[in-house]
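Some notes on the structure that comes next.
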Amino acid sequence: MKTFSIFFAASLFGQAALATRLYAASYAGLVTSLDFSSSAELSTLSETTECGSSPSWLMLDSPNDVLYCLDEGIDAPNGTITTFKTHSDGALTKLAQLKTISGPVMSATYSAPGVLGRKFLAVAHYSGSSVTTYSVDPVQGLFKHEQTFTYQMAAPGPNAARQDAPHPHGVVVDPTGRFVLVPDLGADVVRVFRVNQSTGLLEPIEPLVASPGSGPRHGAFWTPRGSNSTSSDVYFYLVQELSNELSGFRVKYSGNGISFRKVYEGSTYGKEPSPAGSKAAEIAISPENNHIVVSNRLDNTFGPKEDSFAVFLCADPSGKEAEKVSFIGLYPAYGSSPRHFSIAPTQTMVAVALESSQSVAVAQWDKRSGAPGTLLAEQKLEGEIPSVVWDL
Ligand SMILES: *[C@@H]1O[C@H](CO)[C@@H](O)[C@H](O)[C@H]1NC(C)=O
Ligand SMILES: *[C@@H]1O[C@H](CO)[C@@H](O)[C@H](O)[C@H]1NC(C)=O
Ligand SMILES: *[C@@H]1O[C@H](CO)[C@@H](O)[C@H](O)[C@H]1NC(C)=O
């Protein structure tokens, strides 16, 4: 494995520069710990095969030094969830593993005030058309299966090839921690659950219906910077893979309920048509809280195998007041198929999981444009890379 130091950039980090770690999942059956040094070089610290045959998603519980890994179980009857203890030398030691319904691709945690010392984990299963939940001992990294919701469709959706069945693809917890949203790419809905505050169990409520054939994939909530979670100014942004669209919804809470009013819909290519074969993937609100960033896969916008990020404005420069969403432009993703990315707010960098390039790229985060800036380093790995997370 080769390390590419594209650009020596120690000055960018100032005096507080520290080596940091990243974890990358690979469909070659590997989870790799990478070191990103202050001289902007990426190098492999360690590798494990213990997540299973097709690691698809990583989630770090930093305070507890526990890494959650989903194994999609491609070509296998089941997937798995595994927890690892992280160590400062990059080693990952397995804590627990549980077999699941096939195709886990994203997870998120939440808690319930009535269940002290526990957390809960919700998992979206793409091929298994399901959502599962687990109660978690976050300190020990142990977990127990609680619920399974499996969905069916009477007939395929408008995009018959991709919408042959329900395909839960994302899990997003709302800013109050009382609701869990699951975008379903196959069914063109965002499934909505209320978290029972005394048991932590999910209770399905009215879904958010998306445009037919749009393929809801991932989402992100926006609240004004500095506000508490009961702010009236809450928005939900949804990325739709099949139509390459971003939709924005104003969120309203009433008693035990949550409702959504659409306020925006626009292409991740602005006024240009979507390039053939392109498919939007990940979404995040910028650390400055005023931009929405969406990764575009397989669009070759910046040349062969050079895909893009779409950037939208969504708030004033202070990040405190919502503005009408507007498309700003496209920025380089530094490779092919940026399926996932993680912005490191403290170190003003972004790590990109380039699935088809089979690499991880680290770029400077450009606060002003709310987009990736200069490429700092790239590391080729083995296999397709669906996910990368920082351990700062
Ligand atoms: C494993 O997959 C089978 C077949 O889809 C399913 O019936 C079973 O419930 C799965 N096992 C677990 C533990 O989820
Ligand atoms: C939460 O679950 C408990 C126990 O099943 C139930 O009695 C209660 O009604 C639920 N709360 C709500 C708000 O649904
Ligand atoms: C949160 O904000 C709302 C609206 O501004 C305010 O009424 C409430 O007291 C705040 N709650 C806390 C815990 O700060």
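In listed order, ligands and their atoms are each counted from 1. By convention here, the first residue in the shown sequence is residue 1. Quick caveat, the model's predicted, so the values are computed rather than measured.
A ring-ring contact (aromatic ring centres under 6.0 Å, His included) with F312 is found for exactly one of Y235, Y237, F327, W222, namely F327.
If you number the atoms of ligand 1 from 1 as listed, the ones under 4.0 Å from a heavy atom of K99 come out as 13 (C). Ligand 1 places these atoms under 4.0 Å from at least one heavy atom of P77: 2 (O). Counting the atoms of ligand 1 from 1 in the order shown, those under 4.0 Å from a heavy atom of I101 are 14 (O).
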Between ligand 2 and the protein, give all atom pairs where both partners are nitrogen or oxygen and the distance is under 3.5 Å, as lines of names plus distance to 0.1 Å.
from	atom 1	to	atom 2	distance (Å)
ligand 2	2 (O)	N196	OD1	3.4
ligand 2	2 (O)	N196	ND2	2.2
ligand 2	11 (N)	N196	ND2	3.0
ligand 2	14 (O)	E203	OE1	3.4
ligand 2	14 (O)	E203	OE2	3.4

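With sequence neighbours excluded, the residues satisfying side chain to side chain contact (heavy atoms under 4.5 Å, CB included) with S46 are S33.
Using bins of under 30°, 30° to 60° and over 60° for the plane-to-plane angle, the ring pair F149/F193 lands in the tilted bin. Using cut-offs of 30° and 60° on the angle between ring planes, the pair W57 and H218 is perpendicular.
Under the 4.5 Å side-chain contact rule for hydrophobic residues, F179 and V190 share a cluster.
At distances below 3.5 Å, not a single donor-acceptor pair connects side-chain atoms of T109 with backbone N or O atoms of K119.
In this model, no donor atom of one side chain and acceptor atom of the other lie less than 3.5 Å apart for Y331 and D366.
Counting heavy atoms under 4.0 Å from ligand 1, residue T100 touches it through the backbone alone.
Between N78 and ligand 1, at least one pair of N/O atoms sits closer than 3.5 Å.
Shown here is K85, whose NZ atom has more than 12 heavy atoms of other residues, nucleotides or ligands within 6.0 Å.
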